[in-house]
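Heads up: the structure comes next, in structure tokens.
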There are 2 protein chains.
Amino acid sequence: MTGVPAPPPTLDRIDRKILHELMQDATLPVTQLAERVGLSQTPCWKRVQKLEAAGVITGRVAIVDPVSIGLGLCVFVEIEAADHTPEWRASFAGVVADYPEIQEVHRMAGEVDYLLKVVVSGMSAYDALYLDLTKRVPCRNVTSKFSMERMKSTTVLPIDTSAT
Amino acid sequence: MTGVPAPPPTLDRIDRKILHELMQDATLPVTQLAERVGLSQTPCWKRVQKLEAAGVITGRVAIVDPVSIGLGLCVFVEIEAADHTPEWRASFAGVVADYPEIQEVHRMAGEVDYLLKVVVSGMSAYDALYLDLTKRVPCRNVTSKFSMERMKSTTVLPIDTSAT
DNA sequence: GTTGAAACCAAAATAGG
DNA sequence: CCTATTTTGGTTTCAAC
């Protein structure tokens, strides 16, 4: 028996409302946050602290428009591993962690072993990444799927703020 | 000639350093931000304001751990449109905007027309979304790819902070 | 661009109900 | 949980260089 990673802290309706608000706008002053969730300042502030300490809130970040900073190309990369050993996985994990252009890495069920989301300035930058990555880690197959238009993009998670 | 969406504001090295810092931690006080980018408080603060006004910084948000709030399933959904008309696209855009579970929607090049990233509590929630979505918008084909493990996930974009 | 300082406001911590 | 209060510290603006 391996056990589950962590006992998820129990969040009540007010906690979830707090998260819902802060996921949309982390600049919201505690005063306003408190009235939106139906609490007064002090206990509201304490809940926010608790959610941060518990690792439920992992950070507060600025969201930047990729196009404005010259990152016009988004690519989803499907990878089949050369073999299915713990060693390959560890090596792969280490390599993808190195690239700031790789925004997301998922280990997948089904045909595709890994799915990557990559953000770069353009085709030549992507090709450089592709060549470098496939040099560092052996892949049976790599399929690149190119985004033409980012129609929707949000960091707000679908949290349920109704009922208990 | 249709023209490009917008002339990207020209960002110098200091602007990019500011963005680099704030993408990692938006709680950084202006005082500390200023010294990290090699500026004094006032002009640093003015740059941050300008970057917000120009829409380069689109917001400051709290990042929440999905598992902690019971969102344990992440699915990438590949969709082929029933037809390739502006009407279908508009309808599709409207529908996907409705679902908070849909974090990202990309219009793709190649075989797959659209790629969605979906975050839900589990299989039954995903199936409900799948049934509902395919009822509201006609799809020629839908392929769901399930994430087993989120190995990497960041909102920090790979901005170049060296040279001019 | 710099420094320094004022005015304002929010965060953080405290005490009492 | 609430209100009230205080302290602390950051933001924002301004003046002068």
Side-chain angles (χ1 to χ4, degrees), chain A residues 7-65 68-70 155-156 159-164, chain B residues 7-65 68-70 155-156 159-164:
Chain A
T10 177
L11 305 173
D12 66 10
R13 200 166 97 94
I14 294 178
D15 286 324
R16 292 197 302 268
K17 277 186 175 181
I18 290 173
L19 294 173
H20 181 69
E21 294 297 333
L22 293 183
M23 280 193 288
Q24 288 174 280
D25 183 9
T27 68
L28 196 66
V30 181
T31 322
Q32 288 177 51
L33 178 61
E35 75 182 26
R36 287 197 195 179
V37 304
L39 230 56
S40 62
Q41 252 202 53
T42 309
C44 179
W45 176 80
K46 280 185 181 169
R47 277 170 184 260
V48 174
Q49 298 303 311
K50 226 179 45 177
L51 290 166
E52 274 168 355
V56 177
I57 296 173
T58 59
R60 293 161 188 248
V61 303
I63 300 297
V64 169
D65 170 42
S68 296
I69 58 173
T155 55
V156 180
I159 198 166
D160 182 25
T161 57
S162 61
T164 179
Chain B
T10 177
L11 305 173
D12 65 9
R13 199 165 97 93
I14 294 178
D15 285 324
R16 294 198 301 270
K17 276 186 175 182
I18 290 173
L19 294 173
H20 181 69
E21 293 297 332
L22 293 182
M23 281 193 286
Q24 289 174 277
D25 183 8
T27 67
L28 197 66
V30 183
T31 322
Q32 287 177 53
L33 178 61
E35 74 182 28
R36 287 198 195 180
V37 304
L39 230 57
S40 61
Q41 246 202 59
T42 309
C44 180
W45 177 82
K46 280 185 181 169
R47 277 170 185 261
V48 173
Q49 299 303 311
K50 227 180 43 177
L51 289 167
E52 273 168 356
V56 177
I57 295 175
T58 60
R60 292 162 188 246
V61 304
I63 301 298
V64 170
D65 171 42
S68 295
I69 59 174
T155 56
V156 179
I159 198 167
D160 183 25
T161 56
S162 60
T164 179

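Note: hydrogens, waters and symmetry copies are ignored here, and every other heavy atom, side chains too, is used. Proteins get letters first, then strands, A, B, ... in listed order; numbering begins at 1 in each.
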**Message:** Using a strict threshold of under 4.0 Å (side-chain N to carboxylate O), is an ion pair present between B/Asp15 and B/Arg47?
**Reply:**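 A salt bridge links B/Arg47 with B/Asp15.
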**Prompt:** Taking OP1 and OP2 of C/dT2, is either one under 4.0 Å from a side-chain nitrogen or oxygen of B/Ser40?
**Reply:**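 Yes, within the criterion.
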In Å and rounded to the nearest 0.5 Å, what is the [atom1] to [atom2] distance from [X] to [Y]?
X        : Y       : atom1 : atom2 : answer
B/Ile57  : B/Leu22 : CD1   : CG    : 5.0 Å
A/Lys46  : A/Thr42 : NZ    : OG1   : 7.0 Å
B/Gln32  : B/Gln41 : CD    : CD    : 11.0 Å
B/Leu33  : B/Lys17 : CG    : NZ    : 11.0 Å
B/Asp160 : B/Leu11 : CG    : CG    : 12.0 Å

**Prompt:** Judged by atom type as modelled, is there a donor-acceptor pair below 3.5 Å linking the side chain of A/Arg13 to the main-chain atoms of A/Thr161?
**Reply:** yes
**Complete:** Rounded to whole Å, CG of B/Leu39 lies from P of C/dT3 at a distance of 9 Å
**Prompt:** Within this structure, what is the CD-to-P distance between A/Gln41 and C/dA10, rounded to whole angstrom?
**Reply:**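 Those two atoms, CD and P, are 9 Å apart.
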**Prompt:** Got a sec, which residues hit side-chain contact (heavy atoms from CB on, under 4.5 Å) with A/Thr58, two or more places apart in sequence or on another chain?
**Reply:**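 side-chain contact (heavy atoms from CB on, under 4.5 Å) list for A/Thr58, sorted by chain: B/Ile63, B/Asp65.
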**Prompt:** Which nucleotide of DNA chain D is the first, and which the last, in the 5' to 3' direction, to come under 4.0 Å of a heavy atom belonging to chain A?
**Reply:** D/dC1 to D/dA4
**Request:** Using a cut-off of strictly less than 4.0 Å between a heavy atom of the residue and any atom of DNA chain D, enumerate the qualifying residues of residues 42-50 of chain B by number.
**Result:** B/Thr42, B/Trp45, B/Gln49
